[in-house]
Amino acid sequence: MSIQLKAIKNWISGKVKEKTYFNSEHMVRYLTQRLFSLAEIETVLVEGMILETHSHPLRNDSYLVLGYAKEQPIHVMCTKDTDENLIVLYAYRPSSPTWKDARTRLPEKGHSMEGNVIKCFFCNSKIEPITVGNFDFRWEGGLYVIKGVPAGLCVQCGEKYISAEASEKIVAKIEKQAFTGKDKVLVFEYGG
Ligand SMILES: [Zn+2]
């Protein structure tokens, strides 16, 4: 690592040790799904190394940190915001087809999948078409569940993408209150 990167890495370690950092909602979701523990993420950020710096014209640089927890590699993306806060953005376990090993990217295959989202905005990995069994969300105080929503799933970090067409159908169903089920959980079949 360069001297500059070492300074950033020390700053990241310091923020984590002081517990004066922030997790994105993505991170909280991963933690509640037990994909990672907070201790694992903190270990990676304290003991790991900066593998890549990602620059963006409208945002501050973000840093991909590689570290190990229980001898398994984890990548954690974080950034320093304009107020000098450490924000932990997302994390994943590096795997093919994006990563050859924990440090080496595989060459990208440029095939588009019939106009679908092909790469994850967050981790740049491949998106596979899936059907989401239960897509839950809150709307005007109620908890809703939509069954069988077609989506794109990132094979690496688990982010989901819903097409404009599917989103429109969902909104139309909500507006028609076309739900079955009872109490606060209202369920309807997406395909119906
Ligand atoms: Zn992803």
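Just so it is clear, the structure is predicted and the values come from calculations on it, not from any experiment. Every number for a ligand or one of its atoms is a count from 1 in the order of the listing. Residue numbers run from 1 in the order of the sequence given.
Salt-bridge annotation for E40 and K70: present, with a side-chain N of the basic residue lying under 4.0 Å from a carboxylate O of the acidic one.
Between the side chain of S163 and the main chain of A166, a donor-acceptor pair closer than 3.5 Å is present. Side-chain atoms of K80 do not come within 3.5 Å of backbone N or O of S62 as any donor-acceptor pair. Listed for the S24 side chain is a donor-acceptor partner under 3.5 Å among the backbone atoms of H26.
Side-chain contact check for R103 versus L51: some heavy-atom pair is nearer than 4.5 Å. Contact annotation: the side chain of Q72 approaches that of R93 to within less than 4.5 Å [non-hydrogen atoms, C-beta and beyond].
Around the Zn ion (ligand 1), the protein N, O or S atoms found under 2.8 Å comprise C120 SG, C123 SG, C154 SG, C157 SG.
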